[in-house]
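Throughout, protein chains are lettered first and strands after them, A, B, ... in sequence-line order, and every chain is numbered starting at 1. Note: hydrogens, waters and symmetry copies are ignored here, and every other heavy atom, side chains too, is used.
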Amino acid sequence: MKGTWVAGTRVTAIDAAEKTTGQTKYLQDLRLPGLLVGKVLRSPHPHARLRRVSAERARRVPGVRAVVTGADTPGIKFGIVIPDEWALAVDRVLYVGDEVAAVAAVDEEAAREALALIEVEYEPLPPVFDVEEALRPGAPRLHDDKPGNLATGFLIDRGDVDQAFRESDVLLGGTYRTQMQHQGNLEPICCMAEYAGGRLTLWGPLQSPFLARQYLLAKPLGLSEGQVRIIQTPVGGAFGGKLDEKHYLICALLALHAGRPVRLANSYAEELTTTRPRMPAILRIKSGWSKAGMLRAKQVEVLADNGAYSSLSPSILSSMAMRTDSLYRTPAARVDAKLVYTNNLPSGQMRGFGNPQATFAWESHIDEVAEALGMDPVELRLRNATEAGDVTVHGWEIASCGLKECIAKAAEGIGWKEQRANRVPNRGVGLACTIHVTSNKPFATSITGYEFDGSSALVKVEEDGQVFVATGEVDLGEGVTTTLALIAAEELGVPLAQVRVLQVDTDSVPYGLGTYASRTTFMGGHAVRLAAADAKRQLFELAADLLEANVADLEAREGRIAVRGAPERGIAVAEVARAGMSRGRPMIVGRGTYESQARMQDVTHKYGNQTLTYSFACQAVEVEVDPETGRVRVLRVVAAHDLGRAINPVGAEGQIEGGVVQAVGLALSEELQQREGRIRNPGFLDYKIPSVLDATRVESILVETIDPHGPYGAKGVAETAINPGAAAIANAVYHAVGVRVRELPLTAENVRAALGRADG
Amino acid sequence: MAKQLITLTVNGARYETAVGPRTSLLSLLREGLELTGTKQACAEGECGACSVVLDGRLVMSCLIFAVEADGRQLTTIEGLSEGATLHPIQAAFVEHGAVQCGFCIPGMIMAASYLLDRNPNPTEEEIRHAIAGNLCRCTGYGKIIKAIAAAAGAG
Ligand code: FES
Ligand code: FES
């Protein structure tokens, strides 16, 4: 590997110090002159016709500057793949929390008073909350153009599944259910908008400023992209929740009507009851195996609860239904997936994008198969694991793959052999694997309409040698700014302290798709690498002049450019940059654009390479189950991750540890409980994300497969971290107490009930 | 509703200010005094993001009315570092990679500083206990525990 001297070392995050002193300015810390407070009026009904909305009295409240209702919106439907949502309800409301109207006022009190004075007449309609009921003939129809409440669905058949099943020695089926998990980002969704000089400016913690500019704002407002400016603020956690929301559009509408800046911020109760949590699903699996434990065919039927509106959910459905098919060598696969409208809270994307649901089902199932075959679950996985060079059943080209190594290392780390051989009562070990995309081209294309997945960057060298990196990518707290800075430092041969990464402002940074699909290190990393190389070339030209040397003989290290092999013939980058000021090169600006060459042969049938590279992981856990209460404690987790190459190892570990603990929440405690479409636990007291007392010890093992496509060999890690945990825990619970729980979460109550059934 | 004049000392500086009867201490700090380092997340006393030290007690400032702080001493995150020099706990958080999005961090650090003021050599169990009321969604807590232990060791 080429001699990197910055990337790959253990550094501290470049923005951490400010965060510890409270100086980081999140959206809630910003003020603008004349700033108004926005508030949203929401439907109390899960399904009702809107008879009348009158804002007259609300408009007369002193201090109120704008009231907007469905009648005041541009009449453009919102939604990527399926535009099925108005900015504010026009004729019907479809879930408890559906946005009906919004106000902007000089203070909180006036805003609340105005909300209370908006008169809305509802005519309640029969609701439907269960996906299977919603599909039945005669169920209430939510969207006139969607008979049977089928938002979308697809059927894929590859290879001869029926024949393979006939030839299988072991056939096994199982139904698995997953719940609605909330992102639980501590900073609720919020933004600030101002309409001035014919342009809209929006400040906020977004996952993708450029996607937001295009499809969350410009499109539904009937503006062109350049009329919208997004100024990114530091993100207080996102996990998918800040990628797609109508919130920003409503704030923009208020700003437009008020003629003054408006801040709109969710209360935490709103955050938990009206944003878009992880899509719940029922997954029915059937698989066929040879006696020797080779997978012959896999079939899955997915029923996913879309809730009232679709937003990004069709893409989540694909990922949920198909991604695990590439984890093992799968000769034949059948997928029957349906996305179903109900009058529940619209579901959406959370870290893993459907994959944790699918992985829970498939990796629980694999353990059941191992038992049916009388084979060790580790052995079964090793026999079937996908390998580098494979083209999987859906046409994914696996460029690098450390799955087998991950399995071996996780098993070893947890003490698999001893633990399986010497049983301790009520203790158990289990493991699970995952595959995840690094970026997702068809998804990007479905949102933007452009055949582009990639990123672009500018690297600017100031006269004092300070380096500024500008991209359209954002840091959600995972530390990608540090990673991008490391890459710039690496290419330019300057110390990390000399590099700063700009906060995104869509007016001035180059185009990027933002943070989702574990893509930023890969895509942003490549763009920054190219831009820095371009800047370096320019610096070298100057330096060659100054040193009277050939460009080809120069190298940059530790802030100096010198003749290779003759460090005394060198000059500081700062001096080169300063000399450039008088030599027609005021400020060096390097440019880089990276475009992924991934090509999906058949988008309609979802066949082909979704992206250039895929990450793998195996996590092994040890649990203890209290047989009386059913309470599960996760004692430790060994997480082995193939991330290609760790450019920022501390950041990578942070991703793994955080993802593992989120998976503990997914496995054991987290569920937004809906009854009749109402969320019954809208606060952290009852919606239980893991506290430090529930968290577990995590040992991260970084498996470096040096991906041929990744920047320095790197691929994504953020989402693989959450995918396998729930299955690993369910498998360990089975090992501990012999009950198989096929439904998340494994709360004490659910496990106790399962134990009771096993006894009885 | 009638506002009430209160005086309080925050990070050693005295403030005199008028507050409404239902204004939370958190709003007073963030909006009234423009000390925005203390974060607002749940605003319901369930996450610890707004933790400050009030007369030697660790409190969630979103649960306390500003008027209750009348005549009292407060330490917030802004009161820990001295100029550009980080407090040892802050430095340890940076050093150990304990900071991701950062939103929980000011509250977390206040809880840690409250612990270490009383118990300079806590066990891991004691550290866990001290931050049990502070939720962090990003880090999984491992590096936070290490950072606090290291800060204790260094102090
Ligand atoms: S904001 Fe005060 S406890 Fe959450
Ligand atoms: S660092 Fe994000 S919530 Fe703790």
Side-chain angles (χ1 to χ4, degrees), chain A residues 10-13 15-26 28-31 183-188 205 234-239 265 267-269 271 475-479 650-651 653-662 664-665 683-685 689-693 695-698 721, chain B residues 20 27 30-31 34-49 76-81 84 86-87 89-109 127-145 147:
Chain A
R10 299 187 71 85
V11 298
T12 60
D15 54 355
E18 258 175 76
K19 288 176 175 172
T20 66
T21 57
Q23 283 162 311
T24 299
K25 301 281 181 287
Y26 298 90
Q28 66 174 215
D29 306 324
L30 303 181
R31 300 280 176 277
Q183 292 81 356
N185 40 282
L186 276 201
E187 175 198 40
V235 182
F239 313 110
S267 69
Y268 219 89
E271 190 73 7
D475 194 327
L476 308 181
E478 79 287 9
V650 177
E653 286 165 14
Q655 284 305 288
I656 294 171
E657 293 170 17
V660 163
V661 172
Q662 282 181 353
V664 169
F684 283 133
L685 224 47
I689 72 172
S691 81
V692 71
L693 302 179
T696 177
R697 252 173 248 285
V698 183
Chain B
S27 309
R30 292 182 42 79
E31 279 136 50
E34 298 192 329
L35 293 169
T36 54
T38 307
K39 294 288 156 264
Q40 174 175 333
C42 72
E44 300 274 356
E46 294 169 0
C47 75
T76 69
I77 190 70
E78 287 91 348
L80 286 198
S81 46
L86 296 182
H87 183 279
I89 302 176
Q90 294 170 322
F93 269 62
V94 174
E95 177 64 32
H96 287 82
V99 181
Q100 289 192 25
C101 82
F103 214 72
C104 70
I105 295 297
M108 200 65 90
I109 288 176
I127 293 175
R128 283 181 186 269
H129 232 80
I131 57 167
N134 293 76
L135 295 178
C136 172
R137 189 55 154 172
C138 300
T139 64
Y141 304 100
K143 292 187 190 298
I144 289 178
I145 295 170

Exercise for review: Determine the option with the most heavy-atom pairs under 4.5 angstrom with chain B, choosing from A/Ser691, A/Gly236, A/Gly22.
Suggested key: A/Ser691
Review point. Does a side-chain heavy-atom distance below 4.5 Å link A/Gln28 with B/Phe103?
Key: yes
Practice item. Before giving the answer on side chain to side chain contact (heavy atoms under 4.5 Å, CB included), spell out for A/Lys19 and B/Gln100 the whole-Å C-alpha distance, their side-chain angles and the decisive distance to 0.1 Å. Key: CA-CA 9 Å; A/Lys19 288 176 175 172; B/Gln100 289 192 25; over 6 Å; no
Review point. Looking at B/Ile105, B/Ile127, B/Ile89, which has the largest count of heavy-atom pairs under 4.5 Å with chain A?
Key: B/Ile105
Point to revise | Engaged part of A/Thr24 at the chain B interface, taking heavy atoms whose separation is under 4.5 Å | key: backbone
Revision key, fill the gap. Okay, A/Val650 and chain B: the region with an atom under 4.5 Å from a heavy atom over there is both
**Study point:** Residues which pass salt bridge (Lys or Arg N to Asp or Glu O under 4.0 Å) with A/Glu657, listed by chain and number, not counting sequence neighbours
**Key:** B/Lys143
Check your understanding: Any side-chain heavy atom of B/Cys101 sitting closer than 4.5 Å to one from A/Glu478?
Key -> no
Review point. Hey, does A/Asp29 have a side-chain heavy atom less than 4.5 Å from the side chain of B/Lys39?
Key: yes
Exercise for review: Taking B/Arg128 for its side chain and A/Val692 for its backbone only, find out whether a donor-acceptor pair lies under 3.5 Å.
Suggested key: yes
Check your understanding: Could you state the interatomic distance from CZ (B/Arg137) to CG (A/Leu186), rounded to the nearest 0.5 Å?
Key -> 9.0 Å
Review point. What part of A/Glu271 lies closer than 4.5 angstrom to a heavy atom of chain B: side chain, backbone, both or neither?
Key: neither
Check your understanding: What is the minimum heavy-atom distance between B/Leu86 and A/Thr20, and which atoms define it?
Key -> CD2-OG1, 4.0 Å
Review point. What part of A/Leu476 lies closer than 4.5 angstrom to a heavy atom of chain B: side chain, backbone, both or neither?
Key: backbone
Practice item. Please look at A/Pro188 and chain B and tell me whether the side chain, the backbone, both or neither of the residue comes under 4.5 angstrom of a heavy atom of that chain. Key: side chain
Check your understanding: Taking every heavy-atom pair that is under 4.5 Å apart, which of A/Leu685, A/Val698, A/Leu693 has the most such pairs with chain B?
Key -> A/Leu685
Review point. Considering all heavy atoms of both residues, which atom of B/Tyr141 and which atom of A/Ala695 are nearest to each other, and what is their separation?
Key: CD1-CB, 3.6 Å
Practice item. Can you tell which part of A/Gln23 gets under 4.5 Å to a heavy atom of chain B, answering side chain, backbone, both or neither? Key: neither
Practice item. Grab the two heavy atoms, one from B/Gly140 and one from A/Val661, that are nearest each other, plus how far apart they are. Key: CA-CG2, 3.5 Å
**Study point:** Proximity breakdown for B/Glu34 and chain A, heavy-atom pairs closer than 4.5 Å
**Key:** neither
Check your understanding: Can you say whether B/Ile109 sits under 4.5 Å from chain A via the side chain, the backbone, both, or neither, judging by heavy atoms?
Key -> side chain
Exercise for review: For chain A, find which of B/Ala98, B/Ala132, B/Gly133, B/Cys136 contributes the most heavy-atom pairs closer than 4.5 angstrom.
Suggested key: B/Ala132
Exercise for review: Side chain from CB out, backbone as N, CA, C, O: work out which of these in B/Thr139 comes under 4.5 Å of a heavy atom of chain A, or both, or neither.
Suggested key: backbone
Check your understanding: Among all residues two or more places apart in sequence or in another chain, which pass the salt bridge (Lys or Arg N to Asp or Glu O under 4.0 Å) test with A/Arg31?
Key -> none
**Study point:** Side chain / backbone / both / neither for B/Leu35 at chain A, heavy atoms under 4.5 Å
**Key:** neither
Review point. Is it the side chain or the backbone of A/Glu18 that comes within 4.5 Å of chain B heavy atoms, both, or neither?
Key: neither
Revision key, fill the gap. Closest heavy-atom pair, B/Cys42 versus A/Phe684, reported as atoms and distance to 0.1 Å, is CB-CD1, 4.1 Å
Point to revise | Contacting moiety of B/Glu44, where chain A heavy atoms sit under 4.5 Å | key: neither
Review point. In terms of heavy-atom pairs under 4.5 Å with chain B, which of A/Asp15, A/Thr12, A/Val11, A/Ile656 leads?
Key: A/Thr12
Check your understanding: Counting heavy-atom pairs under 4.5 Å to chain A, which of B/Gly142, B/Gly97, B/Cys47, B/Cys138 comes out on top?
Key -> B/Cys138
Practice item. Could you tell me which portion of B/Ala43 (side chain, backbone, both or neither) has an atom closer than 4.5 angstrom to a non-hydrogen atom of chain A? Key: neither
